[in-house]
Student: 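First the structure, then my questions, so here it is.
Residues: numbered from 1 along the sequence shown.
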Amino acid sequence: MDGQAVREHLAGGTLLFDGATGTYARTIPGWPEEAVERACLSAPDKVLALHLAYLHAGCAAIKTNTFAAHVGLAAQSEAQQRDMIGAAVEIARRAAQGNAFVFADIGPAPQDAPEAYVRMAQIFLDCGVSCFLMETMHACEGLAEAAACIKERNPHAFVAVSFAAGPDGFTRAGEAASSLIARMDGCPHVDAVGLNCVCGAYHMRRLLEALPHTKKPLIAMPNAAYPHVIDGRTYYDGDPAYFAQQAAACAALGARLIGGCCGTTPAHIRRLAERLPRQAAHGAGAARDAAPAGEARACRSRIAQKLARGARVTLVELDPPRDS
């Protein structure tokens, strides 16, 4: 499926994406103890199973396992980067079998952003990919250049750009997400703009409520909830049903590309897939007015259980994980 098919799909409704890769992968038995993206080379069957789990949950678009496939992050060299991306595209296509969209997933670059994004885009284009998601961004550096590069080689490609902001609406670079979104909304080579990561679904919904109208389709891919650390491990507590309620409310506010980020699983996407048709049929009233208590209550309950047993609990605020 190409970029024009995405536009046609969005003309008729919402496009449901998968959920987290990195945090979900770590729960899969036998997943290699290495950068998540390297599993495309060392454990392709595990990556295939991850994609299939989300597709079976009801999503219509999956992201390649390449979020941190930059040289200096998951890839140790440009040759390994090319091999990793090529394998990731092949695995995602095997899973989709032409029945779902495959998006090239590009996360924040560790350095030299314009060059890094263009290099990744070129590799994906060489693989014949025409749908792109540049996600979890905290600034605009290099994004317009990469989008222009993509459109120069494939004018019909679909390019989505998504920023990661906290509940206050600012990215870790101190930029207002609304300003960043406005800049990309005005970029002629970008087709969709919005938010992903950092925020749970309730707070992302609130950010969307305050966001000025965009000319382009809006993205909303919230986290399952907020991270906390127990015995040195990071957890995302969040009830899939509550996540789905709030994410569906994002759709009612105009978000057209919907999915999940850190902490979400096929269970979250399944609940969201079930809710979106009802949302379209019955309107957004209940979801729009829902209080955040469900999200906070789900997190507190698990922490309380640990504390009751005397376990050590540390609450933390994390930057967006590089393998989300």
Student: Suppose the criterion is side chain to side chain donor-acceptor pair (under 3.5 Å): which pairs have a residue in residues 50-62, not counting sequence neighbours?
Tutor: none

Student: In chain order, what residues pass the side chain to side chain contact (heavy atoms under 4.5 Å, CB included) check against Lys151, with sequence neighbours excluded?
Tutor: Arg7, Ala157, Val159, His189, Asp191

Student: Atom CG of Leu143 and atom CG of Leu180: how far apart are they, to the nearest 0.5 Å?
Tutor: 9.0 Å

Student: With sequence neighbours excluded, tell me which residues meet side chain to side chain contact (heavy atoms under 4.5 Å, CB included) with Ala49.
Tutor: none

Student: Kindly check if the number of other-residue, nucleotide or ligand heavy atoms within 6.0 Å of CD (Gln4) is above 12?
Tutor: yes

Student: If you measure from CZ on Phe158 to CG on Leu133, what distance do you get to the nearest 0.5 Å?
Tutor: 9.5 Å

Student: Identify the heavy atoms of Tyr24 and Ala53 that sit nearest to each other, and give their distance.
Tutor: OH-CB, 3.8 Å

Student: Please determine whether a side-chain nitrogen of the Lys or Arg among Glu209 and Arg205 lies less than 4.0 Å from a carboxylate oxygen of the Asp or Glu.
Tutor: yes

Student: Membership question, hydrophobic clusters at under 4.5 Å side-chain separation (ILVMFWY): are Leu73 and Val71 in the same one?
Tutor: no

Student: Any donor-acceptor pair under 3.5 Å linking the side chain of Thr264 with the backbone of Ala20?
Tutor: yes

Student: For the CD1 atom of Ile85 and the CG atom of Asp105, what is their distance to the nearest 0.5 Å?
Tutor: 10.5 Å

Student: Calculate, to the nearest 0.5 Å, the distance between atoms CD1 and CD belonging to Ile150 and Gln122 respectively.
Tutor: 9.0 Å

Student: Sort and list the pairs that fulfil salt bridge (charged side-chain N to carboxylate O under 4.0 Å, His left out) and have at least one residue in residues 121-130, not counting sequence neighbours.
Tutor: Arg82-Asp126, Asp126-Arg153

Student: If you measure from CG on Leu208 to CD on Gln246, what distance do you get to the nearest 0.5 Å?
Tutor: 11.0 Å

Student: Checking Glu90 against Arg93 for the salt bridge (Lys or Arg N to Asp or Glu O under 4.0 Å) test, could you report, in this order, the C-alpha distance in whole Å, the side-chain angles of both residues, the deciding distance, and whether it holds?
Tutor: CA-CA 5 Å; Glu90 180 181 355; Arg93 284 174 172 161; over 6 Å; no

Student: So if I apply the side chain to side chain contact (heavy atoms under 4.5 Å, CB included) rule between Ser162 and each of Val193, Ile219, Thr136, which one comes out positive?
Tutor: Ile219

Student: By the definition side chain to side chain contact (heavy atoms under 4.5 Å, CB included), identify the one residue from Asn65, Val36, Thr21, Ile28 that meets it with Val47.
Tutor: Asn65

Student: Using the salt bridge (Lys or Arg N to Asp or Glu O under 4.0 Å) rule, take Asp185 and Lys216 through it: C-alpha gap first, then chi angles, then the decisive distance, then the call.
Tutor: CA-CA 6 Å; Asp185 193 38; Lys216 296 171 181 176; 5.1 Å; no

Student: Using 0.5 Å steps for rounding, measure from the CD1 atom of Ile181 to the CG atom of Leu195.
Tutor: 4.0 Å

Student: Holding to side-chain hydrogen bond (donor to acceptor under 3.5 Å, both in side chains), I want the full list of residues that pass it with Asp2, two or more places apart in sequence or in another chain.
Tutor: none

Student: Return the set of residues passing side-chain hydrogen bond (donor to acceptor under 3.5 Å, both in side chains) with Glu78 (not counting sequence neighbours), or none when no residue passes.
Tutor: none

Student: Taking all non-hydrogen atoms of both residues into account, name the closest pair between Ala147 and Val190 and its distance.
Tutor: CB-CG2, 4.0 Å

Student: Members other than Met84 in its cluster, when Ile, Leu, Val, Met, Phe, Trp, Tyr link by side-chain heavy atoms under 4.5 Å?
Tutor: Leu41

Student: Could you tell me which residues satisfy side-chain hydrogen bond (donor to acceptor under 3.5 Å, both in side chains) with Asp18, sequence neighbours excluded, listed by chain and number?
Tutor: Lys63

Student: Within the structure provided, determine whether Arg38 and Gln76 are in side-chain contact (heavy-atom separation under 4.5 Å).
Tutor: yes

Student: With a 4.5 Å heavy-atom cut-off, do Phe103 and Phe17 have their side chains touching?
Tutor: yes

Student: Should Cys197 and Asn223 count as side-chain neighbours, where that means a heavy-atom distance under 4.5 Å?
Tutor: yes

Student: Evaluate the side-chain proximity of Leu125 to Phe132: yes if any heavy-atom separation is below 4.5 Å, no if none is.
Tutor: yes

Student: To check you understand the geometry: which heavy-atom pair defines the closest contact between Met204 and Cys199, and what is its length?
Tutor: N-CB, 3.9 Å

Student: If you define the side chain from C-beta out and look only at heavy atoms, does anything of Phe163 sit under 4.5 Å from Cys140?
Tutor: yes

Student: The criterion is side chain to side chain contact (heavy atoms under 4.5 Å, CB included); which residues satisfy it with Ala88, sequence neighbours excluded?
Tutor: Cys40, Thr64, Thr66

Student: So which heavy atom on Pro222 is nearest to which on Gly259, and how close?
Tutor: CD-O, 3.3 Å

Student: Test of understanding: with side chain to side chain contact (heavy atoms under 4.5 Å, CB included), list the residues that count as partners of Ala244, not counting sequence neighbours.
Tutor: Arg271, Leu272, Arg275

Student: For Lys46, enumerate each residue passing the side-chain hydrogen bond (donor to acceptor under 3.5 Å, both in side chains) test, keeping only those at least two apart in sequence or located in another chain.
Tutor: none

Student: Is there a donor-acceptor pair under 3.5 Å between the side chain of Tyr226 and the backbone N or O of Gly200?
Tutor: yes

Student: Minimum heavy-atom separation for Ala100 to Leu55, with atom names?
Tutor: CB-CD2, 3.6 Å

Student: Please name the pair of heavy atoms, one in Ile258 and one in Ala255, separated by the smallest distance, quoted to 0.1 Å.
Tutor: CD1-CB, 3.3 Å

Student: Check residues 106-119 and write down every donor-acceptor pair under 3.5 Å in which the side-chain atom is one partner and the other belongs to a residue at least two apart or another chain.
Tutor:
from, atom 1, to, atom 2, distance (Å)
Glu115, OE2, Arg119, NH1, 3.4
Tyr117, OH, Ala109, N, 3.0
Arg119, NE, Gln81, OE1, 3.3

